[in-house]
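Report on the following structure.
Heavy-atom basis, side chains included; hydrogens, waters and symmetry copies ignored.
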Amino acid sequence: MLISAVLRRTAVGVLTMIVVSVMIFVGTSVLPGDVANIILGQMATPESLAVLRSNLGLDQPAYIRYFMWLGDMATGDLGISKAGAGAATIGTPISELIAPRIVNTLRLSSIVALIAVPLSLTLGLLAAMYPGSRLDKFITFTTLGLISVPEFLVATFLVLVVAVQMELLPATAYISGKETGLKLVRALALPTLTLVIVASSQIMRMTRATVLNVMSSPYIEMAILKGVPRKRIILRHALFNAIGPIVNVIALNLAYLVSGVVIVETIFSYPGLAKLMVDAVQTRDLPLVQACAMIFCATYIVLIFIADMASILSNPRLRHPK
């Protein structure tokens, strides 16, 4: 049954990627203007625009361009930059543009995940261990407030207070790749703190809610009546049965860290993959936009697949459906 579940979810993932690829291609194709206008400028003649569009393959029917692009993506060929986005020259392979940006985004996301996940699980479990206590009320009130605040507001507040008023950290997180030690820590501090605040609230709240929901199960109530300490019940019994929903929330937030940091990277001028995609949109570098979007979607689908597998492994009812 486990193998069939893996195959079903793999097939759903592949189908989702195909549907997403169509949406990405159509969405980028309807953007106003095209790369030929960006390259030649406002003084370009219709003849020169037609020649350049022909050289770039923009005069082909949309379905032909889609299948050619999808075939290249399937073989790992991301194409070349047609507008020189991200301070690159026209004709630069997209893989060369993306590689250092992926490293930067993964670096930031990994640091945030290493801080946010243990912190969120610990605080969520503490709130579940002592429901109704001052600690529980404080954590619940804080998470509700943070969930309601968008990341751009958190980032702006931190810049105004920490960088402008207190002058403790730089307002931008631009890195050249040569920073090490304290200089790198200072550069990444504000975007890391912003993402930790945004991501932790969801995980904390779901951890608390899921564990408390499991605590209402009959076998847990029987353990409580037998005098088993609440801490032991939560850590040794309730947590394992609550791991599925918790892993799903963690996977969703990790997917957000990889693919949803566009605003944070833009505010702090952090040279990550999301910032590269924003620059590519501005220059109408459609192959680069499409490649970045597909990477984001593939990452999201893989993380959700991992979350589904964790749910199946932790819940026998999902392994043996009726």
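Inter-residue side-chain proximity for E265 and P191 is flagged as unmet; no heavy-atom pair is nearer than 4.5 Å. Side-chain contact check for L146 versus Q202: every heavy-atom pair is 4.5 Å or farther apart. Using a 4.5 Å cut-off on side-chain heavy atoms (C-beta onward), V159 and F268 make contact. By the 4.5 Å heavy-atom criterion applied to side chains, L188 and R107 are counted as neighbours. Taking 4.5 Å as the limit, some side-chain heavy atom of Q290 sits within range of a side-chain heavy atom of F25. Looking at M129 and L135, their side chains never come closer than 4.5 Å, going by heavy atoms from C-beta outward. Two residues are said to be in side-chain contact when any heavy atoms from C-beta on lie closer than 4.5 Å; V149 and F157 fail this criterion.
Between I111 and T192 the shortest heavy-atom distance is CG2-CG2, 3.8 Å. Scanning all heavy atoms of the two residues, the minimum distance from N104 to G272 falls at CB-CA, 4.3 Å. Considering all non-hydrogen atoms of both residues, M206 and T210 come closest at O-OG1, 2.7 Å. Of all non-hydrogen atoms in I139 and A127, the two that sit nearest each other are CD1-CB, 4.0 Å. The minimum heavy-atom distance linking T16 with I301 is given by the pair CG2-CD1, 3.7 Å.
Heavy-atom contacts from other residues, nucleotides or ligands closer than 6.0 Å to OH of Y130 number 12 or fewer.
If you check the side chains of Y66 and S21, you find a donor sitting under 3.5 Å from an acceptor.
Checked by atom type and distance alone, the side chain of T143 pairs as donor or acceptor with a backbone atom of T140 at under 3.5 Å. Under the 3.5 Å distance criterion, the side-chain polar atoms of T105 are matched with a main-chain donor or acceptor of L273.
Residues passing the side-chain contact (heavy atoms from CB on, under 4.5 Å) test with M222, sequence neighbours excluded: K226.
Cluster membership for I197 and L160, using ILVMFWY side-chain heavy atoms within less than 4.5 angstrom, is not shared. I24 and V19 are assigned to two separate hydrophobic clusters, defined by single-linkage of ILVMFWY side chains at heavy-atom distances under 4.5 Å. Under a hydrophobic clustering in which Ile, Leu, Val, Met, Phe, Trp and Tyr are joined whenever their side-chain heavy atoms come within less than 4.5 Å, directly or via other members, L144 and L153 fall into different clusters.
Of the inter-residue distances, the one linking E151 atom CD with I267 atom CD1 reads 8.0 Å to the nearest 0.5 angstrom.
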